[in-house]
Number of protein chains: 2
Amino acid sequence: MTTESQVRQEPSLLTTLEDLGLRKTSARYAVTSRIENGSDAFTAEELCRQLPEVGRATVYRTIRHLVDAGALCKLPILDGAPMYSIARVEHHHHTICSKCGAVGEFRHSTVERVMRSLAKEIDGQITGHKMEIFITCNSCLASESDSSSDA
Amino acid sequence: MTTESQVRQEPSLLTTLEDLGLRKTSARYAVTSRIENGSDAFTAEELCRQLPEVGRATVYRTIRHLVDAGALCKLPILDGAPMYSIARVEHHHHTICSKCGAVGEFRHSTVERVMRSLAKEIDGQITGHKMEIFITCNSCLASESDSSSDA
DNA sequence: ATCCTAAATGATAGTTAGTATCAGTTAGCA
DNA sequence: TGCTAACTGATACTAACTATCATTTAGGAT
Ligand SMILES: [Zn+2]
Ligand SMILES: [Zn+2]
Ligand SMILES: [Zn+2]
Ligand SMILES: [Zn+2]
């Protein structure tokens, strides 16, 4: 009856920081809860704006800790500041809506299998990979068809 | 006898710019030939340093034209300025050596096929994808095994 | 060949995104 | 309750661009 889902409660980002041996401060509480309560991917500057009571340096430092710990993904959106999103699954890839910037996470064994098979084709030793799928998300598709019906 | 390779000569980056309706200037000649004669991927700032006679704004502008035209790839190396490399194949992906930054290009139909099959799994409409494989390149592997033999 | 003009250049100033410094504050432990 | 290393945040700084604009130039017209 003591299933894994009961034992392992969702670890908050603040807990992640504690587990790194870092102190539980009010600034860190503010940053991590803002990230967890926010609905989507965000940039460092956005977070700074949303948390004027926390110093910029602290916001950036906290993000860096979380990225290093693997609790946040850093997504390089070309032309502009990188976005961050909570890493919910260990190894995964991202979908990014080119219209609205919504970020999704996915994992598919086929992708991983193909990666392994590429080892033969590629010179040197593979140490990792990254992949982003660019999409127009459903809500952007919906609003697109709205405006096209006006024309 | 008039094979395609004879008709279609390797289009230089300067020609790419001309084809965009841009003028053939000495600054553009300097930038494009430096890129073509350089051996590997480069950053914008590197190019500026190598071409002190060309204004920074012009270097950046020229790079942007070439990226827009698809003649250069812009690679987001996390933490730092993006690197650029000449796009030799239409659609392709990159290998990046984490040790020395060497950039390679590859294309494999399996990857593209998997992408198409992912359409079912993913919400929204796929518009494109990107993929980077991180490697330790052969020359970095060689120098690694050198130093380990010292220990 | 020379003139004309829009295109291009490059010095400089400005912006954005992030890092370093460091005096003051605070968490967590004794 | 006090101690001290960890942490904070104001400020200054740097890196990587981007905007401005007076000056120069490519390339077509004559
Ligand atoms: Zn969207
Ligand atoms: Zn993967
Ligand atoms: Zn290498
Ligand atoms: Zn592809």
Side-chain angles (χ1 to χ4, degrees), chain A residues 12-35 41-69 71-85 101 103, chain B residues 12-35 41-69 71-85 101 103:
Chain A
S12 79
L13 295 177
L14 190 56
T15 311
T16 305
L17 294 177
E18 272 195 282
D19 292 352
L20 293 173
L22 301 172
R23 288 180 180 177
K24 224 163 156 180
T25 68
S26 61
R28 284 174 183 156
Y29 179 82
V31 172
T32 53
S33 61
R34 188 79 263 289
I35 293 173
F42 58 92
T43 66
E45 292 297 324
E46 270 165 27
L47 209 50
C48 287
R49 253 174 279 132
Q50 292 167 357
L51 296 167
E53 72 275 19
V54 179
R56 303 166 43 71
T58 300
V59 169
Y60 275 94
R61 276 187 294 238
T62 306
I63 290 175
R64 202 180 331 147
H65 282 309
L66 292 169
V67 171
D68 290 349
L72 282 186
C73 302
K74 186 172 183 176
L75 307 172
I77 308 301
L78 281 184
D79 296 342
M83 302 206 73
Y84 299 91
S85 74
V103 173
Chain B
S12 79
L13 295 177
L14 190 57
T15 310
T16 306
L17 294 177
E18 273 195 281
D19 292 351
L20 293 173
L22 300 172
R23 288 178 180 178
K24 224 163 156 179
T25 68
S26 62
R28 284 174 182 156
Y29 179 83
V31 172
T32 53
S33 62
R34 188 78 265 288
I35 293 173
F42 58 92
T43 65
E45 291 299 321
E46 270 166 28
L47 207 52
C48 288
R49 252 173 280 132
Q50 291 168 359
L51 296 166
E53 73 275 18
V54 179
R56 305 168 42 71
T58 301
V59 170
Y60 276 93
R61 276 188 294 240
T62 307
I63 290 175
R64 200 176 336 147
H65 281 309
L66 293 169
V67 171
D68 290 349
L72 281 187
C73 302
K74 186 173 184 176
L75 306 171
I77 307 301
L78 282 184
D79 297 342
M83 302 207 72
Y84 299 90
S85 75
V103 173

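Labels below follow one simple rule: chain letters A, B, ... track the order of the sequence lines, proteins then strands, and each chain is numbered from 1.
Here Leu66(A) contributes atom CG and Cys73(A) contributes atom SG; the two are 11.5 Å apart, rounded to the nearest 0.5 Å. The CG atom of Leu14(A) lies 10.0 Å from the CG atom of Leu22(A); values are rounded to the nearest 0.5 Å. Note that the CD atom of Glu18(A) and the CG atom of Leu20(A) stand 10.0 Å from one another [nearest 0.5 Å]. Ile35(B) contributes atom CD1, which lies 5.0 Å from atom CG of Leu72(B) (distance to the nearest 0.5 angstrom).
Distance CG (Leu22(A)) to P (dT8(D)): 9 Å, rounded to an integer number of Å. Distance Tyr29(B) OH to dG27(D) C1': 19 Å, rounded to the nearest Å. When the P atom of dT4(D) is taken as reference, atom CZ of Arg23(A) falls 13 Å away, rounded to whole Å. Rounded to an integer number of Å, the gap from CG of Leu47(A) to P of dG9(D) is 13 Å. Residue Lys24(A) contributes atom NZ, which lies 23 Å from atom P of dA5(D) at whole-angstrom precision. Rounded to a whole Å, the CD1 atom of Ile77(A) is 17 Å from the C1' atom of dT16(C). Look at CD on Glu18(B): it is 16 Å from P on dA7(C), rounded to the nearest Å.
Taking side-chain N and O atoms only, Thr25(B) has no distance below 4.0 Å to OP1 or OP2 of dA7(C). Checking the phosphate oxygens (OP1, OP2) of dC7(D), no side-chain nitrogen or oxygen of Thr58(A) falls inside 4.0 Å.
When side chains are defined from C-beta on, Thr58(B) does not count as touching Thr25(B), because their heavy atoms never get closer than 4.5 Å. Side-chain atoms of Lys74(B) and Asp79(A), non-hydrogen and from C-beta on, do get closer than 4.5 Å to each other.
A donor-acceptor distance shorter than 3.5 angstrom exists from the side chain of Arg28(A) to the backbone of Arg23(A), with no hydrogens or angles considered.
If Gly21(B) and Pro52(B) are placed on DNA chain C by their nearest nucleotide, the residue sitting closer to the 5' end is Gly21(B).
Candidate nucleotides dG10(C), dA7(C), dT8(D) were compared by shortest atom distance to the side chain of Arg28(A), and dT8(D) ranks first.
Contact annotation for Glu53(B): backbone-only contact, meaning every heavy-atom pair under 4.0 Å involves sugar-phosphate atoms and none involves a base.
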Polar atom pairs (N or O), protein with nucleotides 15-23 of chain D, under 3.5 Å:
{"from": "dC17(D)", "atom 1": "O5'", "to": "Tyr60(B)", "atom 2": "OH", "distance (Å)": "2.9"}

